[in-house]
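The next block holds one structure in the form of structure tokens; read it before the comments.
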Amino acid sequence: MADLLLTHGYFLAEDEKERQIMKPYPPLGLLYLSAFLKTRGYSVDIFDSTFGQRARLIDRFARGSGTVGIYTTLMTRRSVLEIVRAAKRHGWRVILGGPESANYTAEYLESGADAIVIGEGEITLSELLPALARSGAHRLHDVPGVAFRDEAGAVVHTLERAKLKDLDSLPLPDREAIDHQLYLDAWKTHHGASSINLITARGCPYRCNWCSHAVYGYTHRRRSPAVVADEMQTIVDRYNPDQVWYADDVFTISHPWLAEYAAELERRGIHKPFETITRADRLQSEQSVELLRKLGCYRIWIGSESGSQRILDGMERGVTVEQVQRSTKLAQAHGIQVGMFLMWGYEGEELEDIAATVEHVKRSNPDVFLTTVSYPIKGTGYFAKIHDKVTLPLAWAEGSDRDYVVDGRRGREYYKLADRWLRSEVEAARVGQADPQRAAELLQAAQTARSAMREWDAA
Ligand code: B12
Ligand code: SF4
């Protein structure tokens, strides 16, 4: 039995929607933890639930007890709670980590978790495992970065764990601990090209107020270009994916870093196409876009969120609508596709803000855009701003932060109409002169959706 079994509660087999999209990526955080703990002498197993079966995991619990560590996000609450219950039934000790459990320590401890790691897990886990063995689950006061219940049942948060100063001191993620071929094959089969994720930095210093900073706070720490290039070399040697995804919060924060990294890759003769995320304000110059292009970027995702400056300012986004339009044009002019993230329903959004978003997307004309309806993640500035208007219509264990109902907010149907308006009008602009009849139909559909929204607002 290993000292620690790591898992993450996200089962592709249980996610019909994602099985259609089929762009799975390995759980990088767990791979980092596994690599680090092994260098400290611990034996670690990973049950990668992405391609696993829940019954197999429960079976594993039944075969003997030990300690299980589970990564949590707001999407996996119900799944994780089910795993916690099964693990406890078979006498396992349970440690949780990741953003979600940091936001709901009392609830997860109440639900059976023995300890919750807040923030980066490497050092904390390496101290927590022996502390648990030595003192049990109720006397962990000396381990920084954890929450637990003391002998009287009170929730204790220990001192904050200092963030790792030198990310280069970490071993490379323990990719061999899971079956990467399953991911590569899924990508190849569904998209014709395999893909693997890696990160070049941890944390984001910006303060968009709906974004969760539960793990890395507002720090931004970069790995050195040479070390990341070494990791790329390993990835190419072992897996040779057709492309990679830099899963950084904002890949483009430091342009000098990107230039150095490009030189390191060039020296090693590595050129892998990739996609990643930027902020528009970090992509305003010809040089920065050229640099991305040179590095192999084929698609850049831009968090655009809204076409209304008033709403962007309410989000404390620190970006202008014009910057988004400029970065989109620049990227496309350099042959890089643009993906755009948009958000409906942020606090104070009115029909005219939605109209501004429609105009903005039409004008920017990204290659692809995705919309979501905003939801307040616990621990964020957005949540704090509207907390007195927020209710959860389900029991906590049954819902997620996505289920919060914000008093005064329009219903989901309203935003479906907004989607229809947006997609129809953007498509009409694209079809334009080439197919006037189709364009007219699309404009009609946009108009109908818009009128229905107006009626909704008037009712
Ligand atoms: C990549 C990514 C994704 C990928 C995930 C694919 C994958 N397997 O990697 C995709 C695009 C699919 C995705 C989707 C979503 N994501 Co996402 N994603 C990220 C992102 C940008 C990077 C994750 C990463 O690789 N981090 C690097 C590793 C090293 O860090 P880490 O995972 O946090 O691990 C460290 C610690 O958490 C801790 N730790 C981790 N696991 C464990 C386990 C134990 C036992 C312990 C003790 C410690 C521990 O130690 C690790 C090392 O120090 C994060 C933001 C971020 N910077 O982490 C958001 C983030 C995790 N995503 C988020 C959200 C909201 C989503 C979506 C809900 C978005 C949406 N509206 O659809 C969906 C949900 C998808 C789903 N089904 O679960 C939020 C989660 C907020 C929350 N409170 O849960 C984050 C934090 C973004 C944000 N800032 O708001 N996401
Ligand atoms: S949305 Fe992006 S830029 Fe804004 S704080 Fe979050 S990670 Fe940083």
Side-chain angles (χ1 to χ4, degrees), residues 4-12 14-15 17-18 21 23-37 48 50 67-77 79-80 94-104 113 115-126 128-129 145-146 161 163-164 167 170 173 183 197-199 201-216 218 220 245-253 276-282 301 303 305 315-319 341 343 370 372-375 377-381 383 400-402:
L4 180 67
L5 172 66
L6 288 169
T7 190
H8 57 96
Y10 175 72
F11 293 87
L12 194 50
E14 298 175 3
D15 187 342
K17 209 169 148 200
E18 183 58 34
I21 301 168
K23 292 190 170 180
Y25 279 108
L28 208 46
L30 298 187
L31 305 185
Y32 267 103
L33 294 178
S34 173
F36 181 82
L37 291 172
D48 185 9
T50 306
T67 304
V68 61
I70 315 168
Y71 174 61
T72 64
T73 68
L74 59 87
M75 294 295 281
T76 55
R77 183 183 299 167
S79 168
V80 165
V94 175
I95 305 172
L96 303 180
E100 156 84 358
S101 49
N103 288 335
Y104 291 101
I116 293 169
V117 169
I118 296 166
E120 273 169 325
E122 284 88 352
I123 309 281
T124 306
L125 263 181
S126 73
L128 178 61
L129 290 173
V146 298
R161 165 72 59 187
K163 304 279 182 290
L164 288 167
L167 295 185
L170 291 174
Y183 290 90
N197 52 334
L198 72 160
I199 51 164
R202 284 187 180 183
C204 170
Y206 294 97
R207 291 189 177 250
C208 312
N209 62 17
W210 38 261
C211 175
S212 175
H213 288 248
V215 173
Y216 297 117
Y218 292 92
H220 178 68
W245 178 34
Y246 293 104
D248 295 31
D249 290 324
V250 185
F251 182 65
T252 47
I253 285 187
T276 191
I277 299 179
T278 186
R279 285 170 58 92
D281 58 336
R282 301 307 303 145
W301 289 90
E305 318 307 347
M315 293 172 173
E316 297 170 57
R317 190 78 182 121
V319 167
F341 297 121
M343 194 188 277
L370 303 175
T372 46
V373 178
S374 68
Y375 52 91
I377 301 178
K378 180 95 182 293
T380 63
F383 188 96
S400 82
D401 288 2
R402 297 190 73 156

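We count ligands from 1, going down the list as the structure has it; atoms in each ligand are counted the same way. Only a predicted model underlies this, so the values are computations on that prediction, with no experimental measurement involved.
Residue Val215 places no N or O, backbone or side chain, under 3.5 Å from any N or O of ligand 1. Among the atoms of Ser212, some N or O lies under 3.5 angstrom from an N or O of ligand 1. On a distance-only criterion, Leu74 and ligand 1 share at least one N/O pair closer than 3.5 Å.
When the options Tyr246, Tyr25, Trp245 are ranked by their closest heavy atom to atom 3 (C) of ligand 1, first place goes to Trp245. Summarising the contacts of atom 39 (N) of ligand 1 with Pro99, Gly98, Ser374, the nearest heavy atom is found in Gly98. Checking Asp249, Leu30, Ile95, Asp15 against atom 57 (N) of ligand 1, the nearest heavy atom belongs to Asp249. Residue nearest to atom 31 (P) of ligand 1, selected from Tyr375, Tyr216, Tyr32: Tyr216 (by heavy-atom distance). Counting only non-hydrogen atoms, the option in Glu120, Glu18, His8, Glu122 that gets closest to atom 52 (C) of ligand 1 is Glu122. Around atom 74 (C) of ligand 1, the closest heavy atom drawn from Met75, Lys23, Arg161 belongs to Met75.
Contact annotation for atom 14 (C) of ligand 1: protein absent (non-hydrogen atoms, distance under 4.0 Å). For atom 63 (C) of ligand 1, no protein heavy-atom neighbour is found at a distance under 4.0 Å. Closer than 4.0 Å to atom 76 (C) of ligand 1 lies at least one heavy atom of the protein. Distance check on atom 54 (C) of ligand 1: every protein heavy atom falls at or beyond the 4.0 Å cut-off. Atom 43 (C) of ligand 1 is flagged as protein-proximal [any protein heavy atom, distance under 4.0 Å]. For atom 66 (C) of ligand 1, no protein heavy-atom neighbour is present inside the 4.0 Å cut-off. Distance check on atom 59 (C) of ligand 1: every protein heavy atom falls at or beyond the 4.0 Å cut-off. For atom 79 (C) of ligand 1, no protein heavy-atom neighbour is present inside the 4.0 Å cut-off.
Contacts of Ile70 with ligand 1, taken as heavy-atom pairs under 4.0 Å, involve the backbone alone. Only the side chain of Arg402 comes within contact range of ligand 1, with a heavy atom under 4.0 Å; no backbone atom does. Under 4.0 Å from ligand 2, the heavy atoms of Val250 that appear belong solely to its side chain. At a 4.0 Å heavy-atom cut-off, ligand 1 does not touch Leu128 at all. For Leu33, every heavy-atom contact with ligand 1 shorter than 4.0 Å involves the side chain, none the backbone. With a 4.0 Å cut-off on non-hydrogen atoms, Pro26 touches ligand 1 through its backbone and not its side chain. By the criterion of a heavy-atom distance under 4.0 Å, neither the backbone nor the side chain of Thr72 is placed next to ligand 1. Looking at Tyr216 against ligand 2, nothing comes within 4.0 Å, counting heavy atoms.
Listed by number with element, the atoms of ligand 1 under 4.0 Å from a non-hydrogen atom of Gly29 are 28 (C), 29 (C), 32 (O), 34 (O). Counting the atoms of ligand 2 from 1 in the order shown, those under 4.0 Å from a heavy atom of Trp210 are 1 (S). Within ligand 2, counting atoms from 1 as listed, the ones closer than 4.0 Å to a heavy atom of His213 are 5 (S). Residue Gly119 approaches ligand 1 through these ligand atoms, each under 4.0 Å from one of its heavy atoms: 36 (C), 38 (C). Close contacts between ligand 1 and Gly69 involve ligand atoms 45 (C) [criterion: under 4.0 Å to a heavy atom]. Less than 4.0 angstrom separates some heavy atom of Thr73 from each of these atoms of ligand 1: 78 (O), 84 (O). For ligand 1, the atoms closer than 4.0 angstrom to any heavy atom of Leu125 are 47 (C). Every atom of ligand 2 is numbered from 1 in the order shown, and the set under 4.0 Å from a heavy atom of Arg279 is 3 (S). The ligand atoms of ligand 1 that sit less than 4.0 angstrom from a heavy atom of Asn103 are 83 (N). Close contacts between ligand 1 and Ile377 involve ligand atoms 83 (N) [criterion: under 4.0 Å to a heavy atom]. The Arg317 neighbourhood of ligand 2 comprises atoms 1 (S), 3 (S), 4 (Fe), with distances under 4.0 Å to a heavy atom of that residue.
Considering only non-hydrogen protein atoms, atom 20 (C) of ligand 1 sits nearest to Ala247 O, 4.4 Å. Protein heavy atom in closest approach to atom 25 (O) of ligand 1: Leu28 CB, 3.8 Å. The single protein non-hydrogen atom nearest to atom 50 (O) of ligand 1 is Gly121 N, 3.1 Å, given as residue, atom name and distance. Atom 40 (C) of ligand 1 has as its closest protein heavy atom Tyr71 CD1, 3.3 Å. In terms of protein heavy-atom proximity, atom 8 (Fe) of ligand 2 is closest to Cys204 SG, 2.2 Å. Of the protein's heavy atoms, Cys208 SG, 2.3 Å lies nearest to atom 4 (Fe) of ligand 2. Protein heavy atom at the shortest distance from atom 27 (C) of ligand 1 is Ile199 CD1, 3.9 Å. With respect to atom 46 (C) of ligand 1, the closest heavy atom belonging to the protein is Gly97 CA, 3.5 Å.
Side chain of Thr380 to backbone of Phe383: a donor-acceptor contact under 3.5 angstrom is found. At distances below 3.5 Å, at least one donor-acceptor pair connects side-chain atoms of Arg317 with backbone N or O atoms of Gly303.
In this pair, Tyr246 and Phe251 present their aromatic rings parallel. The plane angle is below 30°, not in the 30 to 60° band.
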Point to revise | Working for side-chain hydrogen bond (donor to acceptor under 3.5 Å, both in side chains), residues Tyr10 and Asp15 | key: CA-CA 8 Å; Tyr10 175 72; Asp15 187 342; 2.9 Å; yes
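Note that the CG atom of Leu33 and the OH atom of Tyr71 stand 10.5 Å from one another [nearest 0.5 Å]. We find the CD-CZ distance between Glu100 and Arg77 to be 4.5 Å, quoted to the nearest 0.5 Å. With rounding to the nearest 0.5 Å, the separation of OG in Ser79 from CZ in Phe11 is 5.0 Å. Here Ile377 contributes atom CD1 and Asn103 contributes atom CG; the two are 8.0 Å apart, rounded to the nearest 0.5 Å. Separating the CG atom in Asp248 from the CD1 atom in Ile253 is a distance of 8.0 Å, to the nearest 0.5 Å.
Between atom 4 (Fe) of ligand 2 and Cys211 there is no N/O/S contact shorter than 2.8 Å.
Between Arg279 and Cys208, some side-chain heavy-atom pair lies under the 4.5 Å cut-off. Counting only heavy atoms from C-beta outward, the side chains of His8 and Asp48 approach each other to under 4.5 Å. Contact of the Thr50 side chain with the Tyr25 side chain is not registered, since no non-hydrogen atoms from C-beta on lie closer than 4.5 Å.
Taking both residues in full, the closest heavy atoms of Pro26 and Leu31 are given as CB-CD1, 4.2 Å, listed atom of the first, atom of the second, then distance.
Just one residue in the list Lys163, Arg202, Arg161 forms a salt bridge (Lys or Arg N to Asp or Glu O under 4.0 Å) with Glu120, and that residue is Arg202.
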